[in-house]
*Asks:* 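Let me give you the structure first, and then I'll get to my questions.
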Protein chains: 2
Amino acid sequence: MVTVSSRRRPGRPAGGKQVVDRELVLDAAERSIRRDGPLVSLEAIALEAGVTKPVIYARIGGRTELSNALSARLADRIVQSVLSAIADQPVGRSALVLFLAANLETVAANRELFLYVTGGSSDDSPQRSLYLASQSAAPLAAQLSQWRADTGHNPAVGEAWSYAIIGMLQLTSLWWLNQVELTAQGLAEQLAELLWSGLRTPPVA
Amino acid sequence: MVTVSSRRRPGRPAGGKQVVDRELVLDAAERSIRRDGPLVSLEAIALEAGVTKPVIYARIGGRTELSNALSARLADRIVQSVLSAIADQPVGRSALVLFLAANLETVAANRELFLYVTGGSSDDSPQRSLYLASQSAAPLAAQLSQWRADTGHNPAVGEAWSYAIIGMLQLTSLWWLNQVELTAQGLAEQLAELLWSGLRTPPVA
DNA sequence: GGGTAAACGTACTGTAGGTACGTATGCGCT
DNA sequence: AGCGCATACGTACCTACAGTACGTTTACCC
C-alpha cells in the first residue's frame, strides 16, 4: 500500500542527476551535529540534507561509514592545518609549539565534530577512534622516524611515539574543551614543555 | 493481562533480600562484555545476572551509569596496579617504566572492558572517556605538581600533564592491543624514553 | 493474623538503525 | 517517435534496544 502524501512524490528528480552527492550529505551531517549535538539521528541528517534515509545509505553506507567519513574529514583538516603551520620551520621546540597550537585550534574550531568523532555512538568507536588517530599518526610517524634516523637515534620508536603524541593531544583536547581559563597557546606551551624536555627536568640552579 | 509463563513467578524472593546486589550486576556486565563484546544489551547483562532489566535500573540506574561504574572499576584496577608497582620507588626513569608497564599490563588483562569503556556506545562517550581519565589523572596530577614544586619548577602544569600522560597511554594502548609483535615492557620502554627525555634528544656523540 | 512495604517479573512504549518495495523519470535503442 | 530498462528516490516496514508502568508475590512487623 502506498499512501499518497502532500510531499514530494517519489521518483527520479529533474535533470536525471542525484539530488545530493556524498559531500553534501557530509555537510548536512556536520550542520546537524553542530546544531543538535553528537546524538543526531540519521533521519535528522537526511532531513537536513533534503533527502531520506535510504539516500544516506546509498551515498555513505550506514552509521559506521558516516562516522568514518566524518573522522576522515576532521583528520584531514587537522593535518592540513598542522602542515601549513609548520611549513618551512626547522625541527625544534618552536615548531613543536606551532604543531600543538594548530592542532588545538583546529579541534576547537570543530568542537562538536571532534566530540562526535571521539565519542560517537557507533558500534565500533574504539576502532574508529584508532582510525581517526592513524590518519594523523601516519605522517607524523614518518617525520619522527626520519628525524630520529637523521640524528643518529633509533627510528623504530616513531610509530609508537606518533600514537603517543596524538593520544596526548586527543585526551588533552577533550579536557581542555571544558576548561575556560586556558588558551590554546598556553596549553600548547605546557605540552611542548613536556614533549620537548621530558619529565627529567634538571633541578634549577 | 498477565501471561503466566513457565519461568520463575514474580514476587519477592526467598530470604527477603535482594537477589543480586550492585557488585554482582557489575560482575555480570563484565562477563557479558568479555563474552559478547562491547555491544551487549542491558537485557543480556540482566540475563547473565539472573534478573531482569528493571533490576539493573534499580541497582545501577541505566546504561550511562553502568558505563560510568565500569569505568570506575577499570580505573580503580589501573590505579591500584600502578600504585603497587611504584610503591617505595624513588622518582625517576625506572619508576616511570614501572608505571607505564603496570598500566599497559592491566589494560591488556582487561582488554574487552577497556574497549567497552573507551569506545562504548553510551549517549555521552566523550564525557565518560574524560571521566575515566580523570580518575587516573587526579592522583597523578597531585604527584606531578608535588614533584615539580619540590624540584623548583612550576607546578601548574601538573593537571595538563597528567591528562597528557593518560591520553598518551589510552590511545597507545588501543593501538598496541592490535599489535602482536610488541610486549608491554618494550612499549613501556619506548614511551618512557619519550616522556623522560623528551624529543630534544641531543645528537649522539 | 492482617496490613504494608520491599522486591521483582511481565509487558509495554518510544526511538533509531536498517531495508524491501513500489513509483516516477530520463536515456538509449529500435 | 515511441517503448523498455536502468536509475534515483520516497514510503512504509521490521527489528532491536533503552527505559518504564504496573501487577504480583513474599517477608516483616505490629
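Letters A, B, ... are given to chains in the order of the sequence lines, protein chains preceding strands, and every chain is numbered from 1.
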*Asks:* May I have the distance from Ile56(A) (atom CD1) to dT19(C) (atom P), rounded to whole angstrom?
*Replies:*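 Rounded to whole Å, this separation is 14 Å.
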
*Asks:* Which residues satisfy the ring pair (Phe, Tyr, Trp, His ring centres under 6.0 Å) test with Phe99(A), sequence neighbours excluded?
*Replies:*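 Partners of Phe99(A) under the ring pair (Phe, Tyr, Trp, His ring centres under 6.0 Å) test: none.
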
*Asks:* Using atom CG of Leu66(B) as one end and atom P of dA18(D) as the other, report the distance to the nearest whole Å.
*Replies:* 10 Å

*Asks:* Would you please name every residue forming a side-chain contact (heavy atoms from CB on, under 4.5 Å) with Arg34(A), sequence neighbours left out?
*Replies:*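 Partners of Arg34(A) under the side-chain contact (heavy atoms from CB on, under 4.5 Å) test: Glu30(A), Arg77(A), Asn110(A), Glu112(A).
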
*Asks:* Would you mind reading off the distance between Arg59(A) atom CZ and dG18(C) atom P, rounded to a whole angstrom?
*Replies:* 17 Å

*Asks:* Side chain of Tyr57(A) only, heavy atoms from C-beta on: which candidate in dG18(C), dC8(C), dT11(D) is closest?
*Replies:* dG18(C)

*Asks:* So if I take every side-chain heavy atom of Arg63(B) and compare against dC9(D), dG18(C), dA18(D), which nucleotide ends up nearest?
*Replies:* dA18(D)

*Asks:* Between dC9(D) atom C1' and Asp21(A) atom CG, what is the distance in whole Å?
*Replies:*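 Checked: the CG to C1' distance equals 16 Å.
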
*Asks:* Thinking salt bridges, do Glu189(B) and Arg93(B) make one under a 4.0 Å N-O criterion?
*Replies:*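 A salt bridge links Glu189(B) with Arg93(B).
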
*Asks:* In whole angstrom, give the distance that lies between atom CD1 of Ile45(A) and atom P of dA16(C).
*Replies:*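 These atoms are roughly 11 Å apart.
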
*Asks:* Would you mind reading off the distance between Leu39(B) atom CG and dG18(C) atom P, rounded to a whole angstrom?
*Replies:*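 Value for this atom pair: 12 Å.
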
*Asks:* Where the side chain of Ser41(A) is concerned, which of dA18(D), dA16(C), dA8(D) is the nearest nucleotide?
*Replies:* dA16(C)

*Asks:* Send over the distance from Leu47(A) CG to dT11(D) P, rounded to a whole Å.
*Replies:*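 In whole Å, dT11(D) P lies 11 Å from Leu47(A) CG.
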
*Asks:* Heavy atoms from C-beta onward define the side chain here; which of dA8(D), dG18(C), dA18(D) lies closest to that of Lys53(A)?
*Replies:*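 So the side chain of Lys53(A) is nearest to dG18(C).
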
*Asks:* Which nucleotide in the set dG9(C), dG19(D), dT11(D) lies at the smallest distance from any side-chain heavy atom of Pro54(A)?
*Replies:* dT11(D)

*Asks:* Taking all non-hydrogen atoms of both residues into account, name the closest pair between Leu177(B) and Ala108(B) and its distance.
*Replies:* CD2-CA, 4.3 Å

*Asks:* How far does OH of Tyr163(B) sit from OG of Ser173(A), to the nearest 0.5 angstrom?
*Replies:* 13.0 Å

*Asks:* Could you state the CD1-P distance from Ile60(B) to dG19(D), rounded to the nearest angstrom?
*Replies:* 13 Å

*Asks:* Among the nucleotides dA18(D), dC9(D), dG17(C), which one has an atom lying closest to any side-chain atom of Leu42(A)?
*Replies:*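 Of the candidates, dG17(C) comes closest.
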
